[in-house]
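Down below is the structure, laid out as structure tokens.
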Amino acid sequence: MQSMSAKDAKYNFGRLIDTARAEPVTVEKHGRAVVVVLAVEEYERLKRIETGQRAKALRFEGTK
């Protein structure tokens with residue numbers, strides 16, 4: 001995973017987008033990671049996993 005400063009992300013937003021399409025990018029402020037930018041396809045994949053796990057947990061709760 002690549003990282004860049006918030007200042008670099010601000011002034012090189014196009015590069016941030018291009019990089020995030022290929023792999024997640026951590027944006028740091030004062031040397032501390034504050035956000036991760038990722039491609040929408042990856043975000044949607046993670047949401048599907050989360051939704052599936054939530055549904056599985058609810059089904060499990062229903063069997064108690």
Side-chain angles (χ1 to χ4, degrees):
M1 180 181 321
Q2 290 201 26
S3 63
M4 65 173 37
S5 71
K7 180 180 175 182
D8 286 343
K10 177 180 179 179
Y11 291 111
N12 299 292
F13 192 68
R15 185 171 65 102
L16 171 63
I17 291 171
D18 291 343
T19 304
R21 297 275 303 138
E23 65 179 305
V25 179
T26 302
V27 178
E28 299 177 349
K29 196 166 188 176
H30 304 293
R32 193 177 119 254
V34 291
V35 296
V36 174
V37 180
L38 57 134
V40 69
E41 295 85 4
E42 179 65 5
Y43 172 78
E44 290 169 348
R45 185 185 73 80
L46 293 170
K47 290 300 286 182
R48 282 192 304 273
I49 291 169
E50 178 185 45
T51 301
Q53 289 175 344
R54 189 177 298 127
K56 186 176 179 180
L58 289 172
R59 284 194 303 273
F60 177 75
E61 287 292 321
T63 61
K64 287 185 177 181

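When all heavy atoms are compared, the tightest approach of M4 to L16 is SD-CD1, 3.8 Å. A pairwise comparison of heavy atoms in A9 and V27 identifies CB-CG1, 4.2 Å as the closest pair. Here the closest non-hydrogen pair linking E23 and Q2 is OE2-NE2, 3.3 Å. Heavy atoms only, all atoms of each residue included: V25 and S3 are closest at CG1-CA, 4.3 Å.
With salt bridges taken as basic N to acidic carboxylate O contacts below 4.0 Å, one links E42 and R45.
Once rounded to the nearest 0.5 Å, the distance linking CZ of R21 with OG1 of T19 reads 11.5 Å. Distance check: N12 CG to I17 CD1 gives 11.5 Å after rounding to the nearest 0.5 Å. R32 CZ to T26 OG1: the interatomic distance, rounded to the nearest 0.5 Å, is 12.5 Å.
With sequence neighbours excluded, no residue forms a side-chain hydrogen bond (donor to acceptor under 3.5 Å, both in side chains) with D18. Residues satisfying the side-chain contact (heavy atoms from CB on, under 4.5 Å) criterion with K10, sequence neighbours excluded, are absent altogether.
Under the 4.5 Å side-chain heavy-atom criterion for grouping Ile, Leu, Val, Met, Phe, Trp and Tyr, F13 is connected to V35 within one hydrophobic cluster.
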